[in-house]
Amino acid sequence: MNPDTDTTTQTAPAPSAAGDADARQRQREEARLIRTREAAARKNTASRDGQWAAGDRTPLNPNEEMKASGDPLQVRHRIETLYAKWGFWSIPPGDLRGRFRWWGLYTQRRPGIDGGKTAILEPHQLDDEFFMLRIRSDGGQLSVAQARTIGEISRDLARDTADVSDRQNIQLHWVRIEDVPDIFRRVEEVGLLCAEACGDVPRVILGSPVAGIAKDELIDPTPQIREIIDRYIGSPEFSNLPRKFKTAFTGQPVPDILHEVQDIAFCAVEHPELGIGYDLWVGGGLSVNPFLGKRLGVFVRPEIAHEVWKGVAGIFRDHGYRRLRTRARLKFLVKEWGPEKFLQVLQDDYLGYELPKGPAPRVGTAGDRGDHVGIHQQKDGRWYVGVAPVAGRISGEKLLEIARLAESVGSDRIRLTPLQKIVVLDIPEDRVSDVVNGLRALELESQPGEFHRNVIACTGIEYCKLAIVETKATAREVVKVLDERFPDLDSPISVHVNGCPNSCARVQIADIGFKGQLVLDDETGEQVPGFQVHLGGRLGRGDDNDFGRKIRGHKVTADGMPAYVDRVTRNYLETRQQDEPFADWAFRVDEELIR
């Protein structure tokens, strides 16, 4: 049965025109009441931030009211016993746009709504009757059976969609509520989870894609990741945080998990007296107000990593700001407290012991790509191959082929990376070429051009209700044009494309970052899809990192993006100093060279 055509016969009919008008009126009234409550909250709680530790657990905004009314994880029972049987139109707004996120479900954008309507229309006008479903793959780790199961779900129930996100998840689209219980069952039968893939919870845990097999690895963090999942994911103890909480672990001497922009990160180090363990970072994050994480300067033994994680998550739960969603991330608390106070509270109130001082991880350079693309030998003598889907876009059928290919050479391990790449591990030396050629037949290159290799894009207007512009197709066009024009580019230039002012694609830490917005076309004078440009973003600069250089008033249309990247790249190649990375050049040169 074709899922594309079957959905039209099984989905409940839309309301009548009169009923739809009534629904819009109710939505407008509900929105007005919400704005009134928010205004009252701001007026009456100007000196309060909604911190539980301050003794007041009164919900101060609609999101907190929703969570206070019951554990959002409990919505699964209603999904399976009510909504999957009664259909999309049976789902009340509080579950549909709130609690469903705790099980990895977001309503996707209704097709045909242009970016100019994103901030104008009411939520029910943007909603399609289908869902994006996010499947956790903590540490980016998939077995052949797990990859095959996701591929089959995609093929059977999600119109063959499957995107690799930069959080090491797989995202499916066109999912019907009627199919969700079956998807949950199939996912969990192979040891995967959708629980807390979204929502105000501990999200998927990033991990080094080469954990356990890299030649220079200090420690395999997989046991620490597994212990946190087993102890805390899906537990009511942390299912009501102020907002999302992002964790990362790496055992690599040069961190490969973007540790500076995580809420909490554990980076492998070797202590001169205590051996191998982790350096602890907290409070990083991007979005509209980007902050670098702070290094606490302490050494965490592997066996207590889960206790330290619990302590930091507990601080966020109890002291995090809940009054305004715009300040509800851990980074705002860390900025206000500072690392010294944060560490003191962690040790005194949550751990009950002091953590020893420890060394810092090695600082990466422009040559430390960290994407694991290419052909590399493992420490056991076997090989791994990393490939680059363009902006993370694959399909269920491709995932099935990747699983089949891995299994054919005796591998049972596939990894997803924080840079939207895919890695196949444990390949015998005499079968490496078989894997490389098999992946190339799927348009998955282990030796891609520089722009192909270094492009990242968020979901964009195709599916996301927050987006203003298209991203995946735009990124593909940049790759197609620029790799043809610069086939021998000898220095990496990363291009990140984001569909809205948020930063799911991490525009502030790209060589060239594009932040989606509507811009004026110089020729027509009309608003068209376009981007604000960030140049020269890169982690590793510490306090001097201002997340990319912005040129006042400078915007690029979506259609003009390839030409802009071409022009800036040529200027870089013509005026760079010897071995000068693009990010350094972009901060150094006069404005006319980067316009």
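Note that the coordinates shown come from a computational prediction; the quantities given were computed from them, not determined experimentally. Along the sequence shown, the residues carry numbers beginning at 1.
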* Asked: Do the charged groups of Arg476 and Glu462 touch, with an N to O distance under 4.0 Å?
  -> no
* **Whether Thr247 side chain and Ile205 backbone form a donor-acceptor pair below 3.5 Å** => no
* **Exercise: do Tyr83 and Asp95 side chains pair donor with acceptor under 3.5 Å** => yes
* Out of Val424, Asp412, Val190, which residue meets the side chain to side chain contact (heavy atoms under 4.5 Å, CB included) rule with Val144? -> Asp412
* Asked: Charged N to carboxylate O below 4.0 Å: is that the case for Lys398 and Glu401?
  -> no
* **Donor + acceptor pair across side chains of Asp256, Ser208 (<3.5 Å)** => yes
* Is there any ring-ring contact (aromatic ring centres under 6.0 Å, His included) pair reaching into residues 185-234, and which pairs are they, with sequence neighbours excluded? -> Tyr232-Phe238, Tyr232-Trp309
* Asked: Checking Thr471 side chain against Cys458 main chain: does a donor-acceptor pair fall under 3.5 Å?
  -> yes
* **Arg203 side chain to Gly199 backbone, donor-acceptor under 3.5 Å** => yes
* Asked: Between Ala313 and Leu241, what is the shortest heavy-atom contact and its length?
  -> O-CD2, 4.0 Å
* Measure across Ser287 and Asn502 and return the closest heavy-atom pair with its distance rounded to 0.1 Å. => OG-OD1, 3.3 Å
* Student check: side-chain heavy atoms of Leu73 and Glu196 closer than 4.5 Å -> yes
* When you check the gap from the basic side-chain N to the acidic O, do Arg231 and Glu237 get nearer than 4.0 Å? -> no
* Asked: Does a side-chain N-to-carboxylate-O contact under 4.0 Å join Arg393 and Asp163?
  -> yes
* To do: May I have all residue pairs that pass ring-ring contact (aromatic ring centres under 6.0 Å, His included) and include part of residues 180-218, sequence neighbours excluded?
  => Trp103-Phe184
* With a 3.5 Å cut-off and no angle check, do the side chains of Glu189 and Thr149 form a donor-acceptor pair? -> no
* Is the backbone N or O of Ile493 less than 3.5 Å from a side-chain atom of Glu450, with the two atoms forming a donor-acceptor pair by type? -> no
* Do the side-chain N and O atoms of Asn169 and Gln171 include a donor-acceptor pair separated by under 3.5 angstrom? -> no
* Would you please classify the geometry between the Tyr278 ring and the Phe249 ring as parallel, tilted or perpendicular, with 30° and 60° separating the classes? => perpendicular
* **N-O pairing of Lys244 and Asp263 below 4.0 Å** => no
* To do: Decide yes or no for Phe88 and Arg176: does some side-chain heavy atom of the first lie under 4.5 Å from some side-chain heavy atom of the second?
  => no
* To do: Test Arg325 against Asp200 for salt bridge (charged side-chain N to carboxylate O under 4.0 Å, His left out), laying out the working first.
  => CA-CA 11 Å; Arg325 295 284 287 179; Asp200 299 349; 2.7 Å; yes
* To do: Would you check if the side chain of His534 reaches a backbone N or O of Lys515 as a donor-acceptor pair within less than 3.5 Å?
  => no
* Determine, for Asp220 against Lys379, whether the closest basic-nitrogen to carboxylate-oxygen distance falls under 4.0 angstrom. => no
* To do: Keeping the roles fixed (side chain from Asp160, backbone from Ser395), state whether a donor-acceptor pair exists under 3.5 Å.
  => no
* Asked: Has Arg159 got its NZ or CZ under 6.0 Å from the middle of the six-membered ring of Phe130, at an angle within 45 degrees of the ring axis?
  -> yes
* Taking all non-hydrogen atoms of both residues, which atom of Asn498 and which atom of Cys504 are closest, and how far apart? -> OD1-N, 3.1 Å
* Asked: Cys464 versus Arg109: any side-chain heavy-atom pair under 4.5 Å?
  -> no
* What distance do Gln378 atom CD and Glu217 atom CD have between them, rounded to the nearest 0.5 Å? -> 11.0 Å
